[in-house]
Amino acid sequence: MRESLRIGSRTIWLYIIAAIVAGSVGGYFVLSASDSSRFQSEKGVLDLTQVQVSANPQKLTGEWAFYWKELLSPEDIRDRSDRGRNQNHWISIPSSWLGYPLEGERLSGTGYATFRLVIQLSEQDRNDRLALRLPSIFNAYKLWVNGELLTEVGEVGQDKSSMTPHLETKLLFFQPESDTVELVMQVSNFQHNRGGMTKYIELGGSDVLTTKTNLNLARDMFVTASLLVIGLYNLLLFMLRRKDRAPLYFGLFTVLLGIRSLFNGEVIFTQWLPHFPWELQFKMEYLILCVSGYIITMYFDCIFPHYVSRWFRLSTRIATGAFCILVVITPALIYTKLLLAIGVMVVLHMVYLMVGLVQVAMRRIEGALLFLLVSVISLVTVVNDFLYFNGWSVIGNTSPLGLLIFTFAQMILLSSRFTKTATNEERIARELQHVNDKLVEMNMNLERTVQERTQALSAAHDDLRTSYDKLLHSEQGRKKLLAYITHDLRMPLSSMLGYVEAVQDRVKPERNEQYLKYIRENTIRINRMIEELSFLSHLETGQVSYRMEPVQIIPYLRNFYEQYELVVRDAGLDFIIDIGDEEDQRTNLPVVEMDAKRVEQALFNLVSNAMKFTSRGGLVRIALAVNEVNHAPQAIISIQDSGIGIPPDQLEQIFERNYRYDQPGLTKEPEGSGLGLAICREIILAQGGTVRAESDGKMGATFYVTLPCIKNEGRG
C-alpha cells in the first residue's frame, strides 16, 4: 500500500513539473523572438546603407541627439550647428528620460525635450515611398521629417498648463529626396511618471508597414473581441445560475482585460474615441490592473475552495482597495509611479495561486494541471509586460495574448465542471444547505453563549484584579511605613525617654532646661521623620501621582537657582550655576517631560545634602549638559560640592534609606533622617531618569541627575 502511494505521488510530481516546463516554453513562444535590432544608431546617426528598408523594416534604436528643456525645430538645430554649437548629449531609444544623468543630476520623469536622428539610406530606398510607424509616446509630440512637419499628437508645451496629453499610434508616409533622412521630434510630458520615447519607432516601406499595422490592429481586435465575448457569456451564465460564483469572477476578469486591451498595442480606444479624457483613460487602465489580481484570487477560491487562506484574502482585499483609492484620488503623475508596486502585487497573487495549484494537483483534483499550465504562461507574459512598461524589457506588450490563452483554458475547465455537476448539484446543495444552516445556527448560538460567558468572567476578573492591586499596594505601604517607624524612631524615642526620666528624678536640676530643649528638638525631628517616612513609603509603593508636563530645562534651573540662592549663601557657602547663556541657546532649548515640583524637591534634597557636608566658605555648583545616547538627547544636571567627599565603595549605598556617613573634620554635625537621597532617587526614577554620584573620597562629591529630552524647540 505504501509503495503504491509513493509511486502515485511521484507520478503527480512528474505531471506538475511537466506542466510548469510546458507553461514556461509556451510563454517563451508567446513572447516570441527579441525585438532588438542589429542596426543601432551612434551619436544620433543610424547607418542603414547595408539594408533595404523598403523590404525589411528597421527599428530606430540606439543613440539619439537629446536637447533637454528645449523645443527646437529643424531650423533651430541647423542655426545652432552653423554657429558651432555642437550637441554632446545622447540618449538611448527606446527609453524614458527618467533617471538620465545630465550635468551631474538625474532627470525626473516630467519635462520637455527635443530628439534628433539622422538616417543614412541605401541607394534602393532613395526613391521609394517610405513610412514611419510611431507608437504611443508620453505624452505629446511633434515630428519633422527632412524639415517638414508630418504630425502632431496632443499639444506640446513647456509646462502642464500649456500642453495637452494624448496617446495615439501613427502611420506616416513620406518620400525621401536624398539618401539622408532627418527626424526631429519635440516631446513634452507633465502627467506621467515616465516621459520620452519608451517604445521604438519603425521605418520601412509603405506597403510593408501598412500591412503590418493592419495585422497588428486585427490581432488586437481579435483578442479584445474574444475576451469581451467570453466575459459577457460567463456573466450571462451567472445571471441564469447564481449559485456558482466562478462564472461571475471569471466573466468580470475577462471583460476587464478586454477593456484594458483597448488601451494597449494599437490603442484602439483612442482611435474610436479620440476626444476621450486622457486622465480618465489612464485611471481605467490602472484600476483594471489593481483589481485583476483580487478577482482572479476569488475565482481560484471558487474553483478550488479552501485553498486560499483567510489572511491572504484579507490582505489582498486591503492592498487592492488601497491601490484603487490612490488611483482614484491622485493624478496620473503620482499613481503611475506605483506601476511597479501594482505589478508586484499582481505577480504575488499569481505566484501564490500557483503554489496553491501545486497543492491541488498533489491531491489529484481535476483541472489543476491545466490551470497550472496556463497560469505559468500567463505569469511569464504578465511579468514581461511589467518589465516592458518599466523600461526593463525590449519585448513588447504580450499579456493580452497570454491572458487569452489562459481564458480559453478556463472556458474548457468551467465547461467540464458544469457538465459533471449539473445533474446532482441541486439535490446535494439542498441537503448541504439544510445541514449547514443547522450547523451555522448551532455554532452562532454556541459562540454567542461562550462570548457572553467569557465577557462576564473577564469583567469579574478585571474587577478582582483591580481590587487586589489596590489592597496589595495599601498593605505594602502600611507594612513599610510600620517597619520604618519601628526601626527609625526607636533611638530618638529612647533618647527622649532618658531625658524625661532625668528631669523626673532630678538627676541634674540645673540642666533641666537643656533637657527640655533636647526633648523639643527630638520631637520636631521625629515629626519630620514621620512625614518623610510616609512620603517615601508612598513613593516606593507607587501611590504618589505625578503631573507630567513639558518643561524647558534651562529656564527651570535658572529659577531654581534664584529661589534657593539666599538659602545656600546664608549657610556660608558660595552658590554658582553653569548652564550657559540662555539667549545664546534659545534656538536649541532642551525640553523634558516631568513633574516640575517633584523634581524641584529632588534637586533641593541634593543641594541640602551638599550643604550638610560642606564647611563654611565652600562651594556648591549646579551645571547642565545635553548628550545623546542611542540618538536620544538627555539632559544631565550635575550638583557639585567641595565638601568631605564620599568613599568610592559607598557610592551605591548613599541612596539607600537611612544611610548616613559621618566624618571627622566637619564644623557642624550633619542633621537629617538619612531619607533625602532615597526620596530623590524614587522621584527621578518616576520621571524616567537616573541619579548617581561620583567622588574620590577625599575632596567633594558630584551628583548627576539624567532626564530624557522629548524635543528641542526654539523661541526666537
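Being a predicted model, the structure only gives us computed values, none of them experimental. For this chain, numbers begin at 1 and follow the sequence in order.
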A.B. asks: Flag yes if more than 12 heavy atoms outside R313 fall under 6.0 Å of its CZ atom; otherwise flag no.
C.D. replies: yes
A.B. asks: If every non-hydrogen atom of I259 is compared with every non-hydrogen atom of M284, which pair is closest and at what distance?
C.D. replies: CG2-CE, 4.3 Å
A.B. asks: Can you tell if the side chain of K160 reaches within under 4.5 Å of the side chain of L333, non-hydrogen atoms only?
C.D. replies: no
A.B. asks: To the nearest 0.5 Å, what is the distance between OH (Y141) and NE2 (H166)?
C.D. replies: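 Answer for the OH-NE2 pair, Y141 versus H166, is 9.0 Å.
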A.B. asks: Of the non-hydrogen atoms in G62 and S41, which two are nearest, and what is the gap between them?
C.D. replies: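 In this case the closest contact between G62 and S41 is C-OG, 3.1 Å.
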A.B. asks: For residues T110 and H192, report the shortest heavy-atom separation together with the two atoms involved.
C.D. replies: CG2-O, 4.0 Å
A.B. asks: Side chain of T169, backbone of P135: donor and acceptor closer than 3.5 Å?
C.D. replies: no
A.B. asks: Do R245 and M298 touch side chain to side chain, with heavy atoms closer than 4.5 Å?
C.D. replies: no
A.B. asks: Below 4.5 Å, heavy atoms only, C-beta onward: do Q191 and P331 meet side chain to side chain?
C.D. replies: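 They are not in side-chain contact.
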A.B. asks: Considering only heavy atoms from C-beta outward, does the side chain of L98 approach that of L107 to under 4.5 Å?
C.D. replies: no
A.B. asks: Counting C-beta onward and ignoring hydrogens, is there a side-chain heavy-atom pair between I201 and W64 closer than 4.5 Å?
C.D. replies: yes
A.B. asks: Considering non-hydrogen atoms only, spot the tightest contact between F138 and N189 and give its length.
C.D. replies: O-CB, 3.7 Å
A.B. asks: side-chain contact (heavy atoms from CB on, under 4.5 Å) for T336 and Y286? Distances and angles first, verdict last.
C.D. replies: CA-CA 8 Å; T336 52; Y286 272 72; 3.7 Å; yes
A.B. asks: To the nearest 0.5 Å, tell me how far L150 CG sits from K170 NZ.
C.D. replies: 10.5 Å
A.B. asks: Among T151, T210, L134, whose side chain to side chain contact (heavy atoms under 4.5 Å, CB included) with L171 holds?
C.D. replies: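 The residue from T151, T210, L134 that satisfies side chain to side chain contact (heavy atoms under 4.5 Å, CB included) with L171 turns out to be T210.
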A.B. asks: Kindly determine whether Y100 and F66 satisfy ring pair (Phe, Tyr, Trp, His ring centres under 6.0 Å), including the steps that lead there.
C.D. replies: CA-CA 11 Å; Y100 177 80; F66 183 58; 5.1 Å; yes
A.B. asks: If you compare all heavy atoms of C290 against all heavy atoms of V327, which two are closest, and at what distance to 0.1 Å?
C.D. replies: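 So the two residues come closest at SG-CG2, 4.2 Å.
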A.B. asks: Can any side-chain N or O of Q58 pair as donor or acceptor with the backbone N or O of N56 at less than 3.5 Å?
C.D. replies: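 Judged by distance alone, yes, a pair lies under 3.5 Å.
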A.B. asks: In Å and rounded to the nearest 0.5 Å, what is the CD to NZ distance from E202 to K59?
C.D. replies: 5.0 Å
A.B. asks: Can any side-chain N or O of E279 pair as donor or acceptor with the backbone N or O of A332 at less than 3.5 Å?
C.D. replies: yes
A.B. asks: Under a 3.5 Å distance rule, please check whether K283 uses its side chain to pair with a backbone N or O of T330 as donor and acceptor.
C.D. replies: yes
A.B. asks: With a 4.5 Å limit on heavy-atom distance, are the side chains of S292 and F253 in contact?
C.D. replies: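 Answer yes - side chains close enough.
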A.B. asks: Over 60° means perpendicular and under 30° means parallel, so tell me whether W97 and W68 are parallel, tilted or perpendicular.
C.D. replies: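 Rings of W97 and W68: perpendicular, over 60°.
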A.B. asks: When rounded to the nearest 0.5 angstrom, what is the spacing between CE in M197 and OG1 in T61?
C.D. replies: 11.5 Å
A.B. asks: Run the side-chain contact (heavy atoms from CB on, under 4.5 Å) test on T211 and L215 for me, step by step, so that the C-alpha distance in whole Å, both residues' side-chain angles and the decisive distance to 0.1 Å come before the verdict.
C.D. replies: CA-CA 6 Å; T211 302; L215 289 175; 4.1 Å; yes
A.B. asks: Are L132 and L143 close enough, and set up right, to give a side-chain contact (heavy atoms from CB on, under 4.5 Å), and what steps lead you there?
C.D. replies: CA-CA 11 Å; L132 285 170; L143 175 65; 4.0 Å; yes
A.B. asks: Nearest 0.5 Å please: distance from the CG atom of D437 over to the CE atom of M442.
C.D. replies: 13.0 Å
A.B. asks: With rounding to the nearest 0.5 Å, note down the distance linking CG in L203 to CG in L172.
C.D. replies: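 So the CG of L203 and the CG of L172 are separated by 11.0 Å.
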A.B. asks: Kindly determine whether V156 and Y112 satisfy side-chain contact (heavy atoms from CB on, under 4.5 Å), including the steps that lead there.
C.D. replies: CA-CA 8 Å; V156 178; Y112 55 92; 5.6 Å; no
A.B. asks: Taking the side chain as every heavy atom from C-beta outward, state whether N216 and R133 have any atom pair closer than 4.5 Å.
C.D. replies: yes
A.B. asks: Has M221 got more than 12 heavy atoms of other residues, nucleotides or ligands less than 6.0 Å from its CE?
C.D. replies: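 Open.
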A.B. asks: Testing the basics here: between L167 and N139, what is the closest heavy-atom pair and its distance to 0.1 Å?
C.D. replies: CD2-OD1, 3.7 Å
